[in-house]
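To keep things clear, I will list the structure first and then write my remarks on it.
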Amino acid sequence: MSLKKDRIAGLVLVLLGLGAYLEGRTHSLGTLTQMGSGYFPVALGLVLVVLGLLLFVTASTDSAENPVVQPLAADTHEPPHLSLDHCPPPDWRGIGCIIGSVISFIGIGHFFGLIPATWVCVFMAAMGDRTSTYREAAILSLLMCALAVGLFHTVLHVQFPLIQFPFWKA
Amino acid sequence: MVMTALNDLWHGFGVAFEPHNLMWCFIGVLFGNFVGVLPGLGPMAAISVLLPLTFSMKPVAAILMLSGIYYGAQYGGAICSILLNLPVHPPHAVTCLDGYPMTLKGRGGAALGITMIASFIGASFGITEMIFFAPVLVGFAFKFGPSDICALMLLGLLAGSTLARSSPLKGIAMTVLGLLFGIAGTDINTAEQRFTFGILHMADGIEIVALALGIFGIAEFLKCVNYIKPIAPKDMHVSMRDMLPSREELKTAFPAMWRGTFVGSLCALIPGTGPTIASFVAYALEKKITRTPERFGHGAVEGVASPEASTHSSVQGDFIPTMSLGIPGDAVMALILGALIIQGITPGPQLVREHPDLFWGLIASFWIGNILLIVLNVPLIGIWVKLLTIPYRYLYPSAIFFICIGVYSTTNDLFGVGETLVIGLFGYILLMLGFHPAPMLLGFVLGPRFEENFRRAMLISDGDLGVFIQRPISASFLAIAVMLLVVQFYVWAKKRRANEG
């Protein structure tokens, strides 16, 4: 597990470094005395490649370093033990809902305004949690809408149309 | 020297007591305390969410509030870690070791009480250190040339990345990545656009708010969703009376607090060693000097008092390099430095002279803020404990909304929200691969200045890299950096061998 993970991590670094190197090469390199805009990115990119290779080569073969964290069952009364150091396996429902909620904030916000965007964003994010109910999520979303209007629109003057109907123009 | 410092401090109190500033300081510590208590939200997320709101504020008020959030969250985080064994912010991981067993023994309230006292003592000492030490450091820093600044930044970056957790290689990689993120956008020397991929919005570079909220907000939620359980409210009862430690506990705790304070204030002076290291060192020290090491891990009072004191003295002391040299010690300091830059204030040794109201006002506000926190925490402990029971399923959707609107309000553009999402996803992948993205922020904030100073140093030395070793100041910084690297890799290799064998 850990072996594979560190190897992948090393490869990702190499790729990122190569990307930075290639992008940096499109700018002028210059000399060490008169550095062009490409000098620094190219150097950093190469450093990343080296770090990635080092990580790949020294990848630990030890699997005890990464204990697997199980998703908590709904009926345990244990206090949560989420380690700061280890990332549990992805929870696809939660991840999908969170990504969807941010995307819908952007999309709905662009066309229909702040209130609908806020409502959908919060509702969708809340449904990512397996213990949420529709009712709770709907109420939470309404509260956030109230906050959006009361705090962000009225007090802080965030420039965002509250509600609009783009396809409905007379 | 001492008299001038006290005089300036007096002026600082004048600034901090202005009603406007006092109000923002209060809001900061209150909000920080509130967020610190909530399981699953850290001070980093709290500061980044409120960062956009500070853009329209005056610089002094903005920094007072952001700093208030930071140390307020430290107080709040202790509650969460002692009562629930849930460290939200890394320094509290050590507090859990003996704090939670104390809770199991029914002394959770006393542990909290001791934490409050320890925090206050630690913080007070850290602030005093800042008052007297920062001006000295500033005087020294005026002698720095570009190559010295470069070497110092390198030291700060390396220390910040390697002294974190996990493998030093990964930490350094994150810092380098942060540097790359930092220089995206229009190059100030040639006006060429780098890493913008032809996107117009990227010409100004990556928004610090988008980066911070992406890695400390979205990425954390992606990781934690469905893994944080709601807490049964029945276990949670702490009243003001419970917080009173017994005389015996106080007697053991007091010397430990002073030792912790001392450790913390030492750690604060070394760039890159923030509160996390301080708390670990303090705990190890207590375990070493006690006659009864077997009590540790089973609710030893010293094991709570000393790390907490050291955390707080180091939190306050961390502001010394940040404010006087412009080199942040950790990700939180990087954020606060970012806020300063956005306010149009150039961090560095000239800050103390050019903005004395900001510097001394900040120090004075630390005192006020810490007293406010004691006042907030002792009588209101019941309310804070109730907050622990707010389930995560209410917290993170609200936080996502705050992130969206917060990023939007910085640029009045939805592009930033998308940027945050992309960085969040990227951060989550990094987390999955075992990286800790926090040092990225350090690199990000220092990136442009690092490049700028490196260019200048090379221009002056006519392309001779030897200048870094020839100048005594930069040579000593580099020597310390190399030493740090060697020690880190040695410790890491030893630990790994022990794990394997």
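Please read these numbers as outputs of a predicted model, since none were measured by experiment. Chain identifiers are assigned alphabetically (A, B, ...) following the order of the sequence lines, protein sequences preceding nucleic acid strands; residue numbering begins at 1 within each chain.
Between the side chain of B:Y394 and the backbone N or O of A:L140 there is no donor-acceptor pair closer than 3.5 Å. A donor-acceptor pair under 3.5 Å is absent between the side-chain atoms of A:Q159 and the main chain of B:N412, judged by distance alone. Looking only at distances, no side-chain donor or acceptor of B:Y408 sits under 3.5 Å from a matching main-chain atom of A:I106.
Atom-to-atom distance recorded for A:L44:CG and B:F450:CZ is 8.0 Å, nearest 0.5 angstrom. Atom CE in B:M432 sits 9.0 Å away from atom NZ in A:K5 (nearest 0.5 Å). Atoms OH and CD, from A:Y39 and B:E451 in turn, are 11.5 Å apart once rounded to the nearest 0.5 Å. Here CZ of B:F221 is found 15.0 Å from SG of A:C97. Values are rounded to the nearest 0.5 Å. Interatomic distance, A:T33 OG1 to B:M458 CE, rounded to the nearest 0.5 Å: 8.5 Å. Distance check, rounded to the nearest 0.5 Å: CZ of B:R456 to CE of A:M35 gives 11.5 Å.
Of residues 179-186 of chain B, those residues with a non-hydrogen atom less than 4.5 Å from any non-hydrogen atom of chain A are, in numerical order, B:L179, B:L180, B:I183.
Between chain B and the options A:T31, A:I99, A:L143, the largest number of non-hydrogen pairs under 4.5 Å is found for A:I99. The candidate with the highest count of non-hydrogen atom pairs below 4.5 Å against chain A, out of B:G418, B:S409, B:S398, is B:S398. Chain A forms the most heavy-atom pairs under 4.5 Å with one residue out of B:Y428, B:F401, B:F454, and that residue is B:F401. The most heavy-atom pairs under 4.5 Å with chain A, out of B:L425, B:L465, B:L433, B:I400, come from B:L433.
Across B:N226 and A:R130, no two heavy atoms sit closer than the pair OD1-N, 2.9 Å. Heavy-atom minimum distance, A:A126 versus B:Y396: O-OH, 4.0 Å. Of all heavy-atom pairs spanning A:S37 and B:R194, the tightest one is O-NH1, 2.7 Å.
Ion pairing between B:K223 and A:D91 fails under the 4.0 Å rule for side-chain N and carboxylate O.
With ring centers used as reference points, B:F402 lies under 6.0 Å from A:F152.
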